[in-house]
Every structure is written in structure tokens, then in C-alpha cells.
There are 2 protein chains.
Amino acid sequence: MVQDSIRTLQAQGHKATKPRKLVLEVLEETEKPLSPYDIKRILRARGKYLNHVTIYRILNLLCSLNLAHKMLSSGGFVKCSLDAIEGCHRFMVCQHCGAIQEFADKELCQEENDFAQNFGFHTEHHLSEFSGLCSQCYRK
Amino acid sequence: MVQDSIRTLQAQGHKATKPRKLVLEVLEETEKPLSPYDIKRILRARGKYLNHVTIYRILNLLCSLNLAHKMLSSGGFVKCSLDAIEGCHRFMVCQHCGAIQEFADKELCQEENDFAQNFGFHTEHHLSEFSGLCSQCYRK
DNA sequence: GGGCTAATTGTAATAATGTTGCATTTAGCC
DNA sequence: GGCTAAATGCAACATTATTACAATTAGCCC
């Protein structure tokens, strides 16, 4: 919910401004990775105007608070629906409908980090992105 | 080796041109994700000039032949050193020195795809990126 | 409610990155 | 060496991203 994100913002000493609410609403409704300019275009189509500089700043803020996430392959932004587990974010992106779904599995993350450790690599963050077909699109 | 990539190019009916060799050399030597303009700048510093349009086209070609790979988080390009396993590419990126290392594990990839399958998701490609510290930088 | 102030947003200018159509050059072939 | 399709270069343009500074506003006080 947008309200949850707003509360998190305020809890960290940030203001609950109109532009921030608008960006969060668009991310929440769209459920697909959006670039800053995508967001600008969507809002403009609704008669709302936000400067692109503002959108960049808002997205940076949201990412720094883990309220949004920058997708790996496309560079688009999505609203985070889950907390990171062991510093790991995992997304499925449907090649057909573009929908994204975030998911998490503590065990899997641990295994992956252990694997890297065997190469002498000390993992801090771990991003993982699946592309394929979601259950709905697969049935068609 | 650059020579291997060149041979692959020719085997697929593409020409072994100077620009293509130059781009492959830079990718091979640098061992870090590079944007098209990064490559242009590096070459220019060596007194070689390549048009940025040419570099874009070469990188697209290399990616389509799986000779290079576009990194997830940065969007930079790297030379592929391993074949994809089960459609999975896995990279470690050192936050300190920027070096990247590609690695692969059939079992792990299988587990990840199975995991997605449990959510009804049919995976075609799987990109995974670790950021942290490589063994050398960790010791410091 | 009205005023205050730091935080936030908007503006304008510019830089950086990507894309397209067409002219020129070149690798691989005879 | 000459030929031709493939590849590169060029020019113009579109899109995306960043910076410094001016204007606005949310949250707080009374």
C-alpha cells in the first residue's frame, strides 16, 4: 500500500509530499518496471504534471529506503513489496505481459551466497531476475 | 581469447573487421563492465577512433551471439567467458575494484528454476548478479 | 487559522546516451 | 586487382540524465 510507504518515509524524517504520493501510486498501480520518463508520461496523461528532475530524486530516495527497486535488465523501477532477505532481491518478469512479481526464499539466498563464498567472494547484495512466462500467459 | 570470438563470428558468416577486433580487445583487457561510450573513450585514449554508432552495433552483435553480455545493474557490457548453463548467467561484481567474474553451477540454476516453477513461472533466462568484495579486496 | 523554515520541487541549461537514414569504406570472394 | 554485400562513418536528431539555483510547500510553532 502507498500509505505504508508514506509512513516509512515519514518515520525516517522525510515529508509526505504530493509528488511522492503520485509516484508511489503509479508504481503501485502499474506493477511493471517504469523508467522516470514513463512515470512522467503516465502522470501527464492523467493531467498531473511532475518535473522529471523531481521524479529522478523521488526514485532515488525510494530506492535508498528500499521502498522501490531498480530492475536489473530493463533499468525500470518497481515498488518493493517484500523486504530483502539476506540482502537478496528476486524478481520474475513475464516476457509476454511485462508483469513483475517479487519473491523471496531464505534458503535459496543462503545457498547462493555460500556458493559465491566458495569462490572467495563476500556477497553484500544479490540481485536475481528471471525472465520467462507467468502462469497466466503460459496457459495461452 | 579474442581469436576465439573472431572465429565464432566468422563461423556465423560475419566479417572479422578492425572495429570488431578493437572492441573485443578492450572488453577482454578491461574485465569490467563497459558502456559503449566507455569503450569509445578508452580507444580514443589509445589514438584509435571508432564511431559510437559502430560500437553500439558491434555490442548488439556480440550479445546476440553470446560473445558478450549486458550486465544487469550497471547496463555495462562484458565479454562472456562461459556458456550459459540452463539459460542462466551469473556474475560477481566487486564493489571495490569493479572487477567482474562469471561463474556457473548447473545444480544451483536448476534449483532456482524449480523454485520459480513452484510459483507457476516458466523461466527462459535467468540473470543473477552478486555485488560484494572479491577475495583480493576483502583481504585489504 | 497564519507565519516560519528547512526540505522539497520546479526551471533552465547542459551533458550524456541512443537511434535512424544514408553515404562511404572494406573484408572476403572470384 | 576488381567486385559486391556487409560493415562502418557521418549527420542529424531523440531520449535520458545531471547540475545549480530560484520558487514553493509540508510540518511545526504559536
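Being a predicted model, the structure only gives us computed values, none of them experimental. Every chain is numbered from 1, with letters handed out A, B, ... down the list of sequences.
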Quiz item: If you walk 5' to 3' along DNA chain C, what is the first nucleotide with an atom under 4.0 Å of a heavy atom in chain A, and what is the last?
Solution: C:dA6 to C:dA12

Self-check item: Upstream residue (5' side of DNA chain C) when A:Gly13 and B:Tyr37 are each assigned their closest nucleotide
Solution: A:Gly13

Quiz prompt | Atom-pair distance (OH on A:Tyr56; P on D:dT16), nearest Å | solution = 7 Å

Quiz item: Between B:Val53 and B:Thr17, which has a closest nucleotide on DNA chain D that is more 5'?
Solution: B:Thr17

Exercise. Ignoring backbone atoms, test whether A:Gln10 places a side-chain nitrogen or oxygen under 4.0 Å from the OP1 or OP2 oxygen of D:dG27.
Key: yes

Quiz item: Roughly how many Å is it from CZ in A:Arg57 to C1' in D:dT24, rounded to a whole number?
Solution: 12 Å

Self-check item: Rounded distance in Å - CG (B:Leu22) to C1' (D:dT8)
Solution: 12 Å

Self-check item: Pair B:Tyr138 + B:His96: ring centers closer than 6.0 Å
Solution: no

Quiz prompt | Donor-acceptor pair between A:Thr54 and A:Asn51 side chains, under 3.5 angstrom | solution = no

Quiz item: Counting side-chain heavy atoms from C-beta on, which of D:dC10, D:dG27, D:dA7 comes nearest to B:Asn51?
Solution: D:dC10

Quiz item: Tell me: NE2 of A:His14 to C1' of D:dT25, nearest whole Å?
Solution: 17 Å

Quiz item: Starting at CD1 of B:Ile58 and ending at P of D:dA6, how long is that distance when rounded to a whole Å?
Solution: 17 Å

Quiz item: Looking at A:Phe121 versus A:Phe115, is the centre-to-centre ring distance below 6.0 Å?
Solution: no

Quiz prompt | Side-chain donor-acceptor contact under 3.5 Å, B:Gln117 with B:Asn113 | solution = no

Exercise. May I ask you to verify whether the side chain of B:His52 and the base of D:dT8 hold a donor-acceptor pair under 3.5 Å?
Key: no

Quiz item: Taking CZ from A:Arg41 and C1' from D:dT16, how many angstroms apart are they, rounded to a whole number?
Solution: 9 Å

Self-check item: Aromatic ring pairing A:Phe119/B:Phe103, orientation class (parallel under 30°, perpendicular over 60°, tilted between)
Solution: tilted

Quiz item: Would a distance-only check, ignoring hydrogens and angles, find a side-chain to backbone donor-acceptor pair under 3.5 Å from B:Lys32 to B:Cys97?
Solution: yes

Exercise. Assign A:Arg20 to base, sugar-phosphate, or nothing according to its heavy-atom contacts below 4.0 angstrom with the strands shown.
Key: sugar-phosphate

Exercise. Verify side chain to side chain contact (heavy atoms under 4.5 Å, CB included) between A:Leu67 and A:Thr8, making sure each step is shown before the conclusion.
Key: CA-CA 8 Å; A:Leu67 294 173; A:Thr8 306; 4.1 Å; yes

Quiz item: What's the NZ-P distance between B:Lys21 and D:dT8, to the nearest Å?
Solution: 12 Å

Self-check item: Separation of D:dT16 P from A:Leu59 CG (nearest whole Å)
Solution: 14 Å

